[in-house]
There are 2 protein chains.
Amino acid sequence: MPAEPSSRGHNRDVLSVGQVARRSGVAVSALHFYETKGLISSWRNSGGQRRFPRSVLRRVAVIKAAQRIGIPLSEIADALAALPDGRSPTAADWQRLSDQWRANLDERIDKLVKLRDHLDGCIGCGCLSLESCPLRNPEDIAANAGPGARLFDQTD
Amino acid sequence: MPAEPSSRGHNRDVLSVGQVARRSGVAVSALHFYETKGLISSWRNSGGQRRFPRSVLRRVAVIKAAQRIGIPLSEIADALAALPDGRSPTAADWQRLSDQWRANLDERIDKLVKLRDHLDGCIGCGCLSLESCPLRNPEDIAANAGPGARLFDQTD
DNA sequence: TGGATACCTCAACTTTACTTCAGGCCAGAC
DNA sequence: GTCTGGCCTGAAGTAAAGTTGAGGTATCCA
C-alpha cells in the first residue's frame with residue numbers, strides 16, 4: 001500500500017484527494033471539478049498536492065444529497081458559499097440548507113404529483129388533441145387562470 | 001400574411017413545420033431535431049419542404065408530456081416506435097403509453113418522497129458525517145440490506 | 001414579378017456534470 | 001535509491017436536448 005498520507009502517523013484530519021474520493025464515493029476527477037467550481041477547497045502540500053480538511057467529507061455528502069434532490073451544482077455552490085466564513089458550520093447552518101432544499105424538493109414532488117393526476121385522464125382520452133387540455137397546453141392554463149394557479153411550469 | 005399552406009383552401013390536415021411549431025409550442029429547430037431522432041416524421045412537398053399530418057400535434061403533445069415526467073427522448077422514441085405501424089394509434093394505444101410512464105412517474109415520486117423523509121434528519125443532525133447515514137452512504141445500505149432494499153439509487 | 005417570409009441543410013455552439021488522456025512530477029515502501 | 005502507484009495540469013471528449021448561424025431555396029400575396 002503506497003503513497004497514503006496519514007495511513008499511519010501523519011495527520012488523520014488531513015486527507016489527500018484520493019482518500020476523499022474513497023471515503024466519499026466521488027471520483028477524483030469530480031473532486032477536482034468541484035474545486036474549480038468553488039464547491040470545495042484545499043491547500044497544497046510542499047509537493048503541490050491537494051490536501052483537504054476532514055470536514056470536506058461532510059461538504060461532499062451535502063453536495064451529493066442536494067444533487068439527488070435535483071439542485072444544480074451552481075445553486076449548491078451558492079448555498080454553500082452562504083455558510084459562515086470563519087467558523088466551521090454548525091448543525092443549525094446545515095439545517096438552514098436542509099430547509100431551503102426541502103422546500104425545493106416539496107415543490108418538485110408537488111409538480112410531479114399534479115402531473116400524475118392528469119396523466120391518465122389526458123393521454124388516454126381525446127382531450128390531448130385539443131387546445132383545452134392542461135397536459136397539452138400549459139400556457140393556456142396560465143393565461144386563463146392568472147398567476148399562481150398554473151398547473152405546470154414551462155421551465156419544468 | 002405570407003407563405004402559409006392551408007391558411008385558406010389547401011389541406012387543413014397537412015401542416016408545415018412552422019404551423020406545427022405554432023400550434024404545439026415547440027420551436028421549429030426542435031421539430032427538426034425530433035425528426036432526426038425518429039420521434040416524428042414527415043414527407044416533403046415538391047419544393048422539399050416538410051409536411052406533417054395533423055396527427056403530429058398529438059404526438060408532439062405526448063412527447064412534451066413524457067418529457068415533463070422526466071423521460072429521456074431516447075425512451076420516448078422507443079415507446080412511440082412501439083405504436084402500431086399501419087393504423088393510427090387508438091385511445092388504447094395512448095393509454096398503454098400513459099400506464100408505462102405513470103409507473104415511471106410513481107417511482108420517481110416515491111424516490112423523492114423517501115429522500116425528503118430523510119433530508120431533515122440527515123443533513124441537520126450529525127449523522128451525515130458518519131458512515132451510517134443513508135443519505136450519505138447509499139452503497140452501504142445496498143450492501144447491508146441486500147437487493148431490493150436500497151433507499152436511493154446511485155443513478156439518481 | 002417582386003419582395004417578404006418561411007423553409008432547407010449542415011456545422012458549430014450551448015449547458016451541465018463530469019470523464020479521459022497525455023505528459024510529467026511526487027511520495028513512500030523496500 | 002529506485003520503483004510503483006498517486007497526483008498534477010490542461011485539453012479534449014461525452015451525453016442530452018436543443019439553439020444559432022450561414023448560405024441558399026420556396027411560397028405566397030399583391
Side-chain angles (χ1 to χ4, degrees), chain A residues 1-11 14-40 42-52 60 63-78 80 154-156, chain B residues 1-11 14-40 42-52 60 63-78 80 154-156:
Chain A
M1 217 160 275
E4 188 116 309
S6 89
S7 66
R8 182 240 65 226
H10 261 356
N11 194 341
V14 173
L15 306 173
S16 72
V17 71
Q19 289 177 314
V20 175
R22 270 191 303 283
R23 287 171 165 283
S24 67
V26 168
V28 169
S29 61
L31 292 170
H32 285 184
F33 179 72
Y34 290 166
E35 198 176 26
T36 69
K37 295 287 174 186
L39 287 155
I40 57 178
S42 65
W43 66 92
R44 303 304 177 100
N45 73 357
S46 56
Q49 298 192 348
R50 286 172 182 79
R51 289 299 178 258
F52 296 90
V60 171
I63 292 168
K64 289 181 75 185
Q67 279 197 292
R68 276 207 295 285
I69 294 169
I71 317 275
L73 283 188
S74 58
E75 277 177 45
I76 300 175
D78 291 346
L80 289 176
Q154 252 89 325
T155 60
D156 222 0
Chain B
M1 213 162 279
E4 186 115 314
S6 94
S7 67
R8 180 241 66 229
H10 263 353
N11 192 342
V14 172
L15 306 173
S16 71
V17 71
Q19 288 177 314
V20 175
R22 270 191 304 282
R23 287 173 164 280
S24 67
V26 168
V28 170
S29 62
L31 293 170
H32 284 184
F33 180 72
Y34 290 165
E35 198 177 25
T36 69
K37 295 288 174 187
L39 288 154
I40 58 177
S42 65
W43 66 92
R44 304 304 179 100
N45 72 357
S46 56
Q49 299 193 347
R50 287 173 182 78
R51 289 299 179 261
F52 295 90
V60 171
I63 292 167
K64 290 182 75 184
Q67 279 197 294
R68 276 205 297 281
I69 294 170
I71 317 277
L73 282 188
S74 57
E75 276 179 46
I76 301 175
D78 290 347
L80 289 176
Q154 252 89 321
T155 60
D156 219 1

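Letters go in sequence order (proteins before strands), and every chain restarts at 1.
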**Report entry** A:Ala21 versus A:Val28, closest heavy-atom pair with distance
**Finding:** CB-CG2, 3.7 Å
Query raised in the report: If you measure from NZ on A:Lys64 to CD1 on A:Ile69, what distance do you get to the nearest 0.5 Å?
Result: 13.5 Å
Report task. Round to the nearest Å and state the distance from B:Glu35 atom CD to D:dG18 atom C1'. Result -> 15 Å
Query raised in the report: Are the side chains of B:Ile63 and B:Val26 in touch, meaning some heavy atoms are under 4.5 Å apart?
Result: no
Requested in this report: Can you measure from CD1 (A:Ile40) to NE2 (A:His32) and round to the nearest 0.5 angstrom?
Outcome: 8.5 Å
Report summary line: Residue set satisfying side chain to side chain donor-acceptor pair (under 3.5 Å) with A:Glu35, at least two apart, ordered chain then number -> A:Ser42, A:Arg50
Requested in this report: Would you tell me if any nitrogen or oxygen in the side chain of B:Tyr34 comes within less than 4.0 Å of OP1 or OP2 on D:dG18?
Outcome: yes
Query raised in the report: Within the structure, does a side-chain N or O atom of A:Gln19 lie under 4.0 Å from either OP1 or OP2 of D:dC7?
Result: no
Query - 5'-most by nearest nucleotide on DNA chain D - A:Val17 or B:Lys37 - result: A:Val17
Can you give me the N/O atom pairs linking the protein to nucleotides 19-25 of chain C at distances under 3.5 Å, or say none if there are none?
residue	atom	partner	partner atom	Å
C:dT19	OP2	A:Ser29	OG	2.3
C:dT19	OP2	A:Ala30	N	3.1

Query raised in the report: Considering residues at least two apart in sequence or located in another chain, which fulfil the side-chain contact (heavy atoms from CB on, under 4.5 Å) criterion with B:Asp78?
Result: none
Query raised in the report: CD1 of A:Ile71 versus P of C:dA17: gap in Å, rounded?
Result: 11 Å
Query raised in the report: Do A:Gln19 side-chain atoms and A:Ser16 backbone N/O form a donor-acceptor pair below 3.5 Å?
Result: yes
Query raised in the report: Out of curiosity, B:Ser24 OG to B:Arg22 CZ, how far, rounded to the nearest 0.5 Å?
Result: 10.0 Å
Query - A:Val14 vs A:Trp43 side-chain heavy atoms within contact, under 4.5 Å - result: yes
Query raised in the report: If you look at every heavy atom in A:Ile76 and A:Ala66, which pair is closest and at what distance?
Result: CD1-CB, 3.6 Å
Atom pairs, N/O to N/O, protein against nucleotides 11-16 of chain C, distance under 3.5 Å?
none

Protein and nucleotides 9-13 of chain D: nitrogen or oxygen contacts under 3.5 angstrom:
residue	atom	partner	partner atom	Å
D:dT9	OP1	A:Arg44	NH1	3.1
D:dT9	OP1	A:Arg44	NH2	2.9
D:dT9	OP2	A:Arg50	NH1	3.0
D:dT9	OP2	A:Arg50	NH2	2.8

Report summary line: Encoded 5' to 3' (Watson-Crick or G-U under 3.5 Å; [ ] crossing; | other strand), DNA chain D becomes ||||||||||||||||||||||||||||||
Query raised in the report: Below 4.0 angstrom from OP1 or OP2 of D:dC7, is there any side-chain N or O of A:Ser16?
Result: yes
Query raised in the report: Do B:Val17 and B:Gln49 come within less than 4.5 Å of each other through their side chains, counting heavy atoms only?
Result: no
Query raised in the report: Are B:Asn45 and C:dC7 close enough that a side-chain N or O sits under 4.0 Å from OP1 or OP2?
Result: no
**Report entry** Residue list, side-chain contact (heavy atoms from CB on, under 4.5 Å) with A:Ala77, at least two apart or on another chain
**Finding:** A:Leu39
